[in-house]
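Each ligand, and each atom within it, is numbered from 1 in the order the structure gives. Only a predicted model underlies this, so the values are computations on that prediction, with no experimental measurement involved.
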Amino acid sequence: EKSIFEMILDKELESEIIYEDEDIFSIKDINPIAPVHLLIIPKKRINTINDVSEEDTLLIGKMVQVAKKLAKEYEINQSGYRLIFNTNDDGGQTVYHIHLHLIGGEKLKW
Ligand code: 5GP
């Protein structure tokens, strides 16, 4: 069964793709919690951070590189931002296809 993000990538679900390369794509979160709230997503389906293998190490690093680039593009690199991987139930994960939240554009409370 496809994840929501795989459906977006396959154009079965509408969402503007704001960044894409061979391995990674990015979209705006449908329910933003701050002025900038982007999701950086590997094209490869990995259900949770618990399922990241040794061979995914470079991919995870590339996700951080994309986050850094987008933070600059959205002009929050200097003001600051937060990068988050929610994992499983207590972590608040709702989509079981790993994604890095890039959140900023205001002083974050928590
Ligand atoms: P999680 O809670 O798993 O860490 O994050 C999943 C995120 O995906 C949530 O913040 C939610 O708002 C976002 N989301 C869920 N469905 C869609 C969708 O169809 N389109 C977009 N752009 N974001 C979505």
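Ranking protein heavy atoms by distance to atom 1 (P) of ligand 1, first place goes to H99 NE2, 3.1 Å. The shortest contact between atom 3 (O) of ligand 1 and any protein heavy atom is with T94 N, 2.7 Å. Among protein heavy atoms, atom 22 (N) of ligand 1 sits closest to K28 O, 2.8 Å. When hydrogens are left out, the protein atom nearest atom 8 (O) of ligand 1 is L39 CD1, 3.6 Å; that is the closest non-hydrogen contact. Given atom 7 (C) of ligand 1, the protein heavy atom at minimum distance is D29 OD2, 3.5 Å.
Only the side chain of I4 comes within 4.0 Å of ligand 1, counting heavy atoms alone; its backbone N, CA, C and O stay farther away.
With a 6.0 Å radius and a threshold of 12 heavy atoms from other residues, nucleotides or ligands, D90 has its CG atom at or below the threshold. For E75, the CD atom counts as loosely surrounded, since its 6.0 Å shell holds 12 or fewer non-hydrogen atoms of other residues, nucleotides or ligands. Around the NZ atom of K2, the shell of radius 6.0 Å holds more than 12 heavy atoms that belong to other residues, nucleotides or ligands.
Here the shortest heavy-atom pairing between A71 and L102 reads N-CD2, 3.9 Å. Of all heavy-atom pairs between Y81 and I76, the closest is CD2-O, 3.5 Å.
Atoms CD1 and NZ, on I98 and K44 in that order, are 8.5 Å from each other to the nearest 0.5 Å.
Which parts of ligand 1 touch N31 is read off a 4.0 Å heavy-atom cut-off, strictly below it: atoms 12 (O). Those atoms of ligand 1 with a heavy atom of H101 less than 4.0 angstrom away are 1 (P), 4 (O), 5 (O), 10 (O). For ligand 1, the atoms lying closer than 4.0 Å to a non-hydrogen atom of S15 are 22 (N). Shown in contact with G92 at under 4.0 Å from a heavy atom are these atoms of ligand 1, numbered in order with element: 1 (P), 2 (O). Set against the non-hydrogen atoms of I27, the atoms of ligand 1 under 4.0 Å away are 21 (C), 22 (N).
Distances from atom 18 (C) of ligand 1 to the heavy atoms of T87, I30, I84, L13 show the closest one on I30.
Ring geometry for H97 versus F5: interplanar angle over 60°, hence perpendicular rather than tilted (30 to 60°).
Remark: the backbone N or O of L9 is not paired with any side-chain donor or acceptor of E20 at under 3.5 angstrom.
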